[in-house]
Amino acid sequence: MNSAVDLRARLADLLRAALENSIPQAPSVDVVLERPKSADHGDYACNVAMRLAKPLKRNPREIATGIVSALPESEIVRKAEVAGAGFINLYLDPGARQQVVPAILDAGSDYGRLDVGRQEKVQVEFVSANPTGPLHVGHGRGAAFGASLANVLEVAGYDVTREYYVNDAGRQMDILALSTWLRYLEVAGQHPPFPENAYQGDYVREMARAIYQQHAKRYVHAVEEVYCDVPAADVDGEAHLDALIGNAKDALGPDYGYIHDFALTEQLGDCRNDLLEFGVEFDVWYSEKSLFDAGLVATAMEQLDARGHLYQKDGATWFRSTEFGDEKDRVVRRDNGQYTYFASDIAYHVNKLERGVERVIDVWGADHHGYIARVEGALGALGVDAANLTVALVQFAVLYRGGKKVAMSTRSGEFVSLRELRGEVGNDAARFFYVLRKSDQHLDFDLDLAKSQSNDNPVYYIQYAHARCSSVFEKWGGDPDSVGNADCSLLVEQGEVSCLQKLLEFPEIIEAAARDLAPHLVAFYLRELAAAFHSYYNSTPILTDDESQRAARLALVASVRQVLRNGLALLGVSAPDKM
RNA sequence: GCGCCUGUAGCUCAGAUGGAUAGAGUGUCGGUCUCCGAAGCCGAAGGUCGUGGGUUCGACUCCCGCCGGGCGCGCCA
């Protein structure tokens, strides 16, 4: 990005120079500029004098005065003054602020692009829902957050890979395959009891019908065979399922793989389409099964064992995670010989970091927080630096309907799907709504409210500002590209200054959002920019008769529109020219 | 019981490395379209920042205790 408009960095440089000149012996301290809440305190304020007061044992106002008088002459500073307990308030030269307009018009969709990431390779893994059914609204939050975060990181200068971890190897997939097969038997005219804890959703029936349509009775087996030696469901539901799965595998033989893969392909494809429609795309769909096929799980376990971190107990294999701060040791291999999810997850994380990624960000639901310690512990045990792993926890999106909490469970089939939500409130509103609060804040998603208030959704306020900008240009009828040469020194109205100030802030917001993994900052920023524009629009005519004034104002409008567009793009929200 | 998150205006939420008079939306009330889009704008009312201590020039922010809410603590994923 054009450093000429990075005024904050330039001001900080000036202050550092002044500090160096006025107090050469000062201890090194960060010179940070903040935006004062009140406009009476200038455009930027610095508290470095107050921070130095203690180590230097000097009056902060006295230090500040010294810095201000040593401030190098600069075209971007109109005034610098000492205020309050020792703040240094800086007032921008109007010309410096006006510079942002040509800078934005010049950079276009690249305005806001930074280099703070230095092209460091970052992988963001998100959603990663089991492909055992449609995505629900909880996944939607992870999807919206992860996608927006990845966009923010990318624009901040990171080399981002978006990854979806496909749990295609576990028991849940077997349960789905079993569920599909049982429904298939129903379609084929049989009446096997359908376990309560199998997947109940209608989509299972649909898959069953599709299989029956293609293959007729090829996979039919007698109910007695299916339920041979199966323990009662009401005694141990899980054992009941496991026995059924075992029988299904025995009965179907190689055909079991067909059912399994059919269900997997079907659900994963559905998931992918759903996300695609939601504006969420992935670079890598990483298969858990491939970890096993490549022997990576076994290798990771061998390495843990060789380093003395595994032991046997009760027929199972345990990882001594307590040595790494976990509350208790964890099983990596069950007494039936099956690896746990944890085992493949260890291999997966080792693999991620070995793929040349410098930093891994996992976006997880908050209910997985207890999982962090053991994964980090396992990485540490294998000599992999867990500091390269950041887990961004996204709190629950709790759904309300009719003022009551909606129970969500994929297995019971009682959930509101992401697709359903998108259909009700629209993709734009859904994407925006999801990132409108910080990730560690619980999200109360009131469906009735989201539906009934869809016209009041804050996203429309921002899109409306964008449409207004476009409409001004349409009304004007001139060539939008021609405003680039406008004389921006004419932008001196209060509303214009507020807009300029907000436009200048955009790169700062990107930087903060990337640093804090907080895409919600972008959403809040866009609201403020839209507000500044709406206010300006109502106070000042843009299409005036004065040609140069009109050109300057149009240039400002074009800049606002560009930044709204850039910001909305980060959040995956469209920027319509008409509404 | 232990761990993570959380408590800010009637409601939903922002408050970056501790900074100046704690902000926005929504709701309520009052203004505002012979004029570029009223899905807008302008104004008013609305607060013991859960609570009690501590740290210091200064605490919504950091530390400790307590109270309330959510989640987790499986040979499930």
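Proteins come first, then strands; the chains are lettered A, B, ... in the order of their sequence lines, and each starts at number 1. Here the structure is a predicted model, which is why all the values come from computation and not from measurement.
For A:Phe292, the side chain to side chain contact (heavy atoms under 4.5 Å, CB included) partners two or more places apart in sequence, or in a different chain, are A:Ala169, A:Glu288, A:Val297, A:Tyr339, A:Ser344. Residues forming a salt bridge (Lys or Arg N to Asp or Glu O under 4.0 Å) with A:Glu34 (at least two apart in sequence, or on another chain): none. Annotation: salt bridge (Lys or Arg N to Asp or Glu O under 4.0 Å) contacts of A:Arg58 (sequence neighbours excluded): A:Glu62. When the side chain to side chain contact (heavy atoms under 4.5 Å, CB included) test is applied to A:Asp13, the partners found at least two apart in sequence or on another chain are A:Arg16. Taking A:Tyr158 as the reference, nothing meets the ring-ring contact (aromatic ring centres under 6.0 Å, His included) condition, with sequence neighbours excluded. Every side-chain hydrogen bond (donor to acceptor under 3.5 Å, both in side chains) that A:Arg468 has, sequence neighbours left out, goes to A:His534. Partners of A:Pro231 by side chain to side chain contact (heavy atoms under 4.5 Å, CB included), not counting sequence neighbours, listed by chain and number: A:Ala239, A:Ala243.
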Contacts under 3.5 Å, N or O only, protein and nucleotides 18-21 of chain B:
residue, atom, partner, partner atom, Å
B:G19, N7, A:Asn47, ND2, 2.8
B:A20, OP2, A:Lys37, NZ, 3.0
B:A20, N6, A:Asn89, OD1, 2.6
B:A20, N1, A:Asn89, OD1, 3.3
B:A20, N1, A:Asn89, ND2, 3.1

Would you tabulate the pairs of protein nitrogen or oxygen atoms and nucleotide nitrogen or oxygen atoms of nucleotides 5-8 of chain B closer than 3.5 angstrom?
residue, atom, partner, partner atom, Å
B:C5, O2', A:Gln395, NE2, 3.2
B:C5, O2', A:Asp440, O, 2.7
B:U6, OP1, A:Asp440, OD2, 3.4

For RNA chain B, the dot-bracket notation using Watson-Crick and G-U wobble pairs below 3.5 Å, [ ] for pseudoknot-type crossings and | for other-strand pairs, is (((((((..((((.....[...)))).(((((.......))))).....(((((..]....))))))))))))....

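Under the side chain to side chain donor-acceptor pair (under 3.5 Å) criterion, the residue pairs touching residues 505-514 of chain A are A:Arg35-A:Glu508, A:Tyr44-A:Glu508, A:Lys502-A:Glu505, with sequence neighbours excluded.
As judged by a 4.0 angstrom heavy-atom cut-off over every strand, A:Asn336 is placed among residues making no nucleic acid contact. Residue-level contact check: A:Tyr371 touches the bases, meaning some heavy atom is under 4.0 Å from a base atom. Using a 4.0 Å heavy-atom cutoff across all strands shown, A:Arg35 reaches at least one base atom of the nucleic acid.
Look at CZ on A:Phe533: it is 14 Å from P on B:C36, rounded to the nearest Å.
Between the CG atom of A:Leu504 and the CG atom of A:Asp43 there is a distance of 9.0 Å, given to the nearest 0.5 Å.
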Please set out all donor-acceptor pairs under 3.5 angstrom arising from side-chain atoms of residues 366-373 of chain A, sequence neighbours excluded.
residue, atom, partner, partner atom, Å
A:His369, ND1, A:Ala366, O, 3.1
A:Tyr371, OH, A:Phe342, N, 3.4

